[in-house]
Amino acid sequence: MTTATPKLSRSTEGPGLIILLGALIGFGPLSIDMYLPAFPSIGESLHATAGEVERTLATFFAGLAVGQLLSGPVSDRFGRTKPLYAGLLLYVLGSIGCATAPSAEVLAACRFVQALGGSVGMVTSRAVVRDLHSGAAAARMMSRLVLVMGLAPVLAPLLGGWVLRAAGWRAIFGSHAVIGLIALGAAFAILPETAPARSGAPRSRPFQAMWGITKAPDFLGPALAAGLSQAGMFAYISGSPFVFITLHGVKPEHFGWFFGANAAGLVAVSQLNHWLLARASPERVLKQAVRIAALAGLALVAVAATGFGGLWGIALSLFVFVSSLGAITPNATALAMEQHAKQAGIASAVLGALQFLLAAGASAAVSASHDGTARPMGLGVAIAALLALAALGLTKRARRP
């Protein structure tokens with residue numbers, strides 16, 4: 001079926017490759033979080049409502065979901081490097097389109113294009129790790145890349161706030177284009193072709209496998225728990241700029257501190273998760289974490305509906321909810337992948353696409369229900385967390401026999 005992976009030089013296995021792959025897997029968080037402080041400015045500049053601006057986030061999520069489903073099989077069929085070059089070029093063109101968009105509708109369309117390109121880098125980075133390493137070595141390498149997922153939400157809103165203050169919101173997307181060009185040059189210079197040769201399997205086979213995996217309850221339960229929790233996360237991401245900046249008067253350059261604190265909580269709980277797993281099963285830790293997320297979501301709804309606690313009541317509820325994802329995401333992912341080792345790549349693509357499809361739906365729902373209060377965001381977070389708790393029941397029924 002395959003041939004051996006080509007031998008790689010020391011330089012291609014050194015820090016340069018780690019930094020490049022980390023940057024590629026961080027394209028999604030960077031592209032999402034960096035422009036959040038600019039939501040009010042974008043609305044004012046393009047004469048768009050808050051809901052219309054938030055819709056540009058939903059189209060980006062949709063692009064990431066579609067892009068992952070397409071780029072996974074393409075990467076297996078044509079190799080890692082050529083699709084990555086094309087994806088990064090598409091990301092640059094989409095970023096330029098965002099920077100020059102004359103309306104919210106055009107901005108939303110360009111964000112979709114930008115996401116399609118960025119998703120190739122996210123898929124490629126995970127695939128290259130699988131090509132180069134297996135077992136514990138792959139886990140160690142992947143852990144370095146996953147750190148970017150925690151660092152990007154801390155740094156990106158702060159960087160976006162500074163760029164917004166210095167040069168305006170269009171410069172944020174201009175910086176995305178520059179980052180994409182740098183990544184393209186680095187990929188051309190550093191990244192070797194790591195994909196093993198194919199034997200010419202039918203093109204429809206990966207998509208048939210995707211459909212089969214989605215029907216497996218042992219996959220679907222934890223996958224939905226992970227995806228719905230992420231949907232709650234992106235309901236918060238979609239609604240938080242309006243809630244913090246417009247509703248509660250937080251300065252755009254200070255918004256990143258609230259956002260970064262939540263991301264730091266997520267990183268801290270993900271480290272705590274290692275300690276917990278030495279004392280309890282992944283199923284037990286996952287269930288407790290989802291329960292905490294659901295309680296935090298209900299508390300957020302109560303604060304949004306009554307106004308009790310004001311800004312800090314909302315901030316504390318969100319901190320608890322986002323931090324709980326540090327235990328939900330890794331455990332739910334591990335449980336979903338547990339019985340699908342022979343199709344781990346396709347299962348990973350389905351899992352990632354499912355998360356961003358649900359995220360797009362949650363973001364769109366928050367945008368559509370915008371009413372000038374924090375209630376749409378609060379309801380989006382709470383409903384997603386409660387559905388995640390219900391989804392765990394699918395796994396129980398699947399394992400009961």
Side-chain angles (χ1 to χ4, degrees), residues 25 28-29 122 126 129-130 135-136 138-150 153 213-214 216-234 236 262-297 319-341 343-359 362 381 384-400:
I25 205 169
M122 298 172 68
R126 294 191 296 264
V129 172
R130 293 196 299 271
R140 286 193 296 268
M141 188 174 183
M142 184 63 73
S143 67
R144 298 179 185 177
L145 309 186
V146 170
L147 280 177
V148 179
M149 299 295 289
I213 287 174
T214 59
D218 61 336
F219 173 86
L220 189 59
L224 281 174
L228 287 164
S229 298
Q230 289 295 320
M233 172 73 162
F234 289 116
Y236 145 65
N262 293 336
L266 187 153
V267 172
V269 172
S270 69
Q271 299 305 307
L272 176 63
N273 185 59
H274 292 287
W275 181 83
L276 293 172
L277 290 176
R279 293 158 177 80
S281 67
E283 292 92 343
R284 183 177 178 183
V285 176
L286 174 61
K287 184 176 181 179
Q288 296 301 325
V290 174
R291 284 176 173 173
I292 292 173
L295 290 174
F319 177 80
V320 174
F321 171 78
V322 175
S323 297
S324 70
L325 298 184
I328 294 173
T329 301
N331 291 312
T333 301
L335 291 171
M337 302 284 289
E338 183 177 359
Q339 303 299 324
H340 301 280
Q343 298 175 317
I346 292 176
S348 177
V350 174
L351 186 64
L354 178 64
Q355 290 180 1
F356 282 107
L357 282 171
L358 291 171
V381 171
L386 291 170
L387 289 175
L389 187 60
L392 294 180
L394 294 175
T395 307
K396 289 182 180 180
R397 287 194 293 271
R399 295 181 179 180
R400 191 168 295 160

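Each residue takes its place number in the sequence, starting with 1.
To the nearest 0.5 Å, atoms OH (Tyr236) and CG (Leu325) are separated by 10.5 Å. Atom CG of Leu392 and atom CZ of Arg291 lie 9.5 Å apart (nearest 0.5 Å). Taken to the nearest 0.5 Å, the CG atom of Leu266 stands 9.5 Å off from the CD1 atom of Ile328.
Across Ala327 and Ala289, no two heavy atoms sit closer than the pair CB-CB, 3.8 Å. Residues Ala231 and Ala362 come closest through the heavy atom pair O-CB, 3.3 Å. Across all their heavy atoms, Asn262 and Val322 have their closest contact at O-CG1, 3.6 Å. Nearest heavy atom pair, residue Ala391 against residue Leu224, reads CB-CB, 3.8 Å.
Under the side-chain contact (heavy atoms from CB on, under 4.5 Å) test applied with Leu228, the options Val290, Leu387, Leu389 reduce to a single match, Leu387.
The backbone N or O of Phe321 lies less than 3.5 Å from a partner atom in the side chain of Ser324, making a donor-acceptor pair.
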